[in-house]
Amino acid sequence: MQVSSLNEVKIYSLSAGRSLPEWLSDRKKRALQKKDVDIRRRIELIQDFEMPTVSTKIKVSRDGQYIMAVGTYKPRVRCFDTYQLSQKFERCLDSEVVTFEILSDDYSKIVFLQCGRFVEFHSQHGHYYRTRIPKFGRDFSYHYPSCDLYFVGASSEVYRLNLEQGRFLNSLQTEASESNVCDINPVHFLFAMGTAEGRVECWDPRTRNRVGVLDCALSSVTADTEIDGLPSISALAFDGALNMAVGTSTGQVLLYDLRSSNPLIVKDHHYGLPIKSIQFQHQLDLIISADSRIIKMWNKDTGKIFTSMEPEHGINDVCLYPNSGMLMTANEAPKMNIYYIPVLGPAPKWCSFLDNLTEELEENPESTVYDDYKFVTRKDLENLGLAHLIGSTLLRAYMHGFFMDIRLYHKAKMMANPFAYEEYRREKIRQKIEETRAQRVQLKKLPKVNKELALKLIEEEGEEQQMTRKRKQKNLPSLLKDDRFKVMFENPDFQVDEQSEEFRLLNPLVSKISEKRKRKLKILEELEAIGEEEEEEPEGKASDVESSESSDDEKGWVEEVRKQRKLLRQEEKLKRRERSKEDQQTLLKPQFFEIKEGEEFRSFKDSAKKQKLMKKTLEDRLKLEEKLGTLNVSDTTVGSKQATFKLKKSEQQRKQQEAEKRHRQERKTLRRSASHLKSKRGRGRLFH
């Protein structure tokens, strides 16, 4: 998306960027989008919004859902559905279209005026009817109250075709030799036509009489304008009931009040090209006029320029999307341009995301880069000897420096430093030497921490590279070059402890491989100490050792596993013995605990029971109390539950109850003993 700004009005070109050819397959299009950044970043608002060669006219339906455009080659019409953001249909025609009109709210009724004097009617399903007018037509308008089509062209007559009756009516005879454009006022339906003589004739369709003539050719000529011939009328548009804008073939736009024969404002485009289109923007009271080179927006009251746009290709027609800030143009190029100007109004509802997009771009403005200019500071100008150019047109002040032409900069630099080529040559030679050095075999510089792990990763990386070369796959990123694992080879805290039990249990088969790596490490350390530059000999020796021992590796793996297990068992036994000796040597010291006031110490079990009870939930505690008999839960008749508690007795009450119990037991025993003695005495007396 290209952004331009004039008079602090931002214009977003939504169709900027390269377009892909139609004959490319979808697969190739996707591949190009992946490779090319410009294609990937472009905004394709409506899919395939273009013509094969040239687009001539573009219009929007009254409901705002359909955009219709005509162009060549071959002559065709394309309808785009804004709700689907794609093309609805395409119809090819027999001859080129001069202009067309959408009669219905959607695309169901369309009239085409073609080059070969043909008038073609299309309905929703396609071609409906075709007729011919006597002379070559240049423009036409539709009169809604009477269903009449008014055709103007290379004739003094205005042809009328009634669509209700299906026949031609009597023509309007004018004083002009030829007519170029025509329009009907939407309020009071006044018919106006622009002639080749530079006049505007106004007719009343009810009486079919001419009601007025405006001589615009003389009014368009001012003191500042330079014209070669008599200006003719090339564009015409009504604004409301009283205002009318007229465009001439020499590049002037005249704004009239129908009650006066003198123009209110005369605006010159200063290009001498005929005005192609005139649009009115009511929110800001602007007039949008366009010739084949430029689109100008200016205030209709003061004539002050608001902003302007100069597309890359010639303009054929301009269409302003109703009640929005979107502008579309038909060009002398396959692609039809779409512009979005947030100042004019919001984006249409079918592309409302443009508002959010432009707001984000305004929040994060990007600095402008000039490809053909070089940014230099004041110090750079003094070094180049160009300080005297400050203030001239060759330098453009910007921020803390200046922009200057890149060609002037190169010339000045060559004059200021004639030996720059020699320095450039030396730099290139130095780069070539460094490239050849990089191709030599270099020593493997291992990190200080986890050297064996680094050597293992290097070996695995070499094997993976060989495999990927054979399979033609992409190389995976190396763990040593990854910044996320950088600390693992720098911080000693991450050193792998190979003597730990976990390492030996998880890696019982690593011992043989680790021995080979240790040998390699020793060789590499020796080479680093000596300072040799090549590693061909040690690598050869290591490979010989590997080849000699490779056959015995498989047999020794089982033995190595057994050895590791035996060693682990022996180490565990030794550790147990050491722990038992330490336990015997250690003396247990008595521990003292403090009891709170009002409590009596019984045993450690009671405190443990209390802690367990406190950890349990309320439900578990209630169940326990119910088992002990201190709680009774019963259902009532209403449906609720009733709980009765027996309060626990205090320590003093418990002691008192125990003392009373003992006293009762003692009294019982005394009574029993007394009754026993009495019975003995009674028996003795009887015997005597």
Side-chain angles (χ1 to χ4, degrees), residues 1-2 11-17 19-20 22 26 29-30 33 39-52 55-71 76-93 97 99-112 121-128 142 186 277 279 281-283 288 316-331 334-361:
M1 184 168 63
Q2 189 178 359
I11 303 167
Y12 296 90
S13 178
L14 305 178
S15 55
S19 59
L20 297 173
E22 289 183 358
D26 294 337
K29 285 180 180 179
R30 286 195 296 270
Q33 286 176 356
I39 293 174
R40 190 166 63 250
R41 288 183 178 176
R42 66 177 183 157
I43 295 176
E44 194 173 13
L45 193 63
I46 300 173
Q47 189 178 1
D48 298 330
F49 193 67
E50 55 187 21
M51 281 287 170
S55 53
T56 54
K57 290 284 181 180
I58 184 168
K59 291 181 187 294
V60 180
S61 62
R62 282 201 295 273
D63 60 2
Q65 184 178 353
Y66 302 102
I67 301 171
M68 302 199 69
V70 294
R76 67 191 67 206
V77 57
R78 284 182 176 177
C79 178
F80 300 93
D81 192 345
T82 56
Y83 291 177
Q84 303 297 328
L85 298 178
S86 60
Q87 184 175 303
K88 179 78 173 175
F89 62 82
E90 179 185 23
R91 297 172 188 169
C92 289
L93 306 170
V97 177
T99 185
F100 72 99
E101 189 73 35
I102 305 171
L103 303 184
S104 59
D105 292 339
D106 54 3
Y107 65 91
S108 57
K109 293 179 182 179
I110 316 166
V111 183
F112 297 98
F121 298 88
H122 280 230
S123 61
Q124 194 169 3
H125 63 81
H127 177 269
Y128 179 75
Y142 181 62
S277 172
Q279 303 276 338
Q281 211 278 339
H282 299 98
Q283 281 80 3
I288 304 170
N316 288 327
D317 193 19
V318 176
C319 177
L320 181 66
Y321 196 91
N323 302 320
S324 72
M326 183 173 286
L327 196 74
M328 293 170 283
T329 62
N331 317 301
K335 188 180 288 187
M336 292 179 282
N337 292 335
I338 303 176
Y339 298 97
Y340 176 53
I341 308 167
V343 182
L344 296 183
K349 61 181 179 181
W350 50 271
C351 58
S352 56
F353 61 89
L354 288 176
D355 290 326
N356 299 329
L357 188 65
T358 52
E359 284 174 7
E360 289 175 6
L361 290 173

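Residues Tyr340 and Ala347 come closest through the heavy atom pair OH-N, 3.3 Å. Closest approach of Thr82 and Leu85 over heavy atoms only: O-CD2, 3.3 Å. Gly325 approaches Leu344 most closely through the heavy-atom pair CA-CB, 3.8 Å. The two atoms that bring Thr329 and Ile58 nearest to each other are C-CG2, 4.4 Å, heavy atoms only. Heavy-atom minimum distance, Gln279 versus Val318: NE2-O, 3.1 Å. A pairwise comparison of heavy atoms in Asp106 and Ser108 identifies OD1-OG, 2.8 Å as the closest pair.
Side chains of Phe49 and Ile67 form a contact here, defined as non-hydrogen atoms less than 4.5 Å apart. By the 4.5 Å heavy-atom criterion applied to side chains, Val60 and Met326 are not counted as neighbours. Taking the side chain as every heavy atom from C-beta outward, Met51 and Arg76 approach each other to under 4.5 Å. Tyr142 is listed as a side-chain neighbour of Leu103, based on a closest heavy-atom distance under 4.5 Å. Counting heavy atoms from C-beta outward, Gln124 and Ser104 have side chains that stay 4.5 Å or more apart. Two residues are said to be in side-chain contact when any heavy atoms from C-beta on lie closer than 4.5 Å; Lys57 and Val97 fail this criterion.
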### Residue pair Tyr66, Ile102: steps toward the side chain to side chain contact (heavy atoms under 4.5 Å, CB included) verdict
CA-CA 10 Å; Tyr66 302 102; Ile102 305 171; over 6 Å; no
### Query
Do Leu354 and Leu14 pass the side chain to side chain contact (heavy atoms under 4.5 Å, CB included) test, and can you show the C-alpha distance, the side-chain angles, and the key distance before you say yes or no?
CA-CA 10 Å; Leu354 288 176; Leu14 305 178; 3.6 Å; yes
### Query
Given the rule in the side chain to side chain contact (heavy atoms under 4.5 Å, CB included) test, do Met328 and Ile46 qualify, once you have shown the distances and angles that lead to the verdict?
CA-CA 12 Å; Met328 293 170 283; Ile46 300 173; 5.7 Å; no
### Task
Under the side chain to side chain contact (heavy atoms under 4.5 Å, CB included) rule, what do His122 and Leu93 come out as? Steps first, then yes or no, please.
CA-CA 11 Å; His122 280 230; Leu93 306 170; 3.8 Å; yes
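Expressed to the nearest 0.5 Å, how far CG of Leu327 lies from CD1 of Ile341 amounts to 5.5 Å. Between the CD atom in Gln281 and the CG atom in Leu320 there is a gap of 6.5 Å [rounded to 0.5 Å]. Between Ser15 atom OG and Ile338 atom CD1 the span is 6.0 Å, to the nearest 0.5 Å. Atom CD of residue Gln283 and atom OG of residue Ser324 lie 9.0 Å apart, to the nearest 0.5 angstrom. Atom CG in Asp63 sits 6.5 Å away from atom OH in Tyr83 (nearest 0.5 Å). Here the straight-line distance linking atom CZ of Phe112 with atom CZ of Phe100 works out to 6.5 Å at 0.5 Å rounding.
Between the side chain of Ser123 and the backbone N or O of Tyr128 there is no donor-acceptor pair closer than 3.5 Å. No side-chain donor-acceptor contact under 3.5 Å links Ser55 to the backbone of Gly71.
Lys335 has no carboxylate O lying under 4.0 Å from a charged side-chain N of Glu50, or vice versa, which leaves the two without a salt bridge.
Applying the 6.0 Å contact sphere to CG of Asn323 captures no more than 12 heavy atoms from other residues, nucleotides or ligands.
Relative to the six-membered ring of Phe80, Arg78 misses at least one condition, a distance below 6.0 Å or an angle of at most 45° to the axis.
In this model, no donor atom of one side chain and acceptor atom of the other lie less than 3.5 Å apart for Thr56 and Asn316.
Note: Tyr107 and Phe89 have tilted aromatic rings, judged against thresholds of 30 and 60 degrees for the angle between ring planes.
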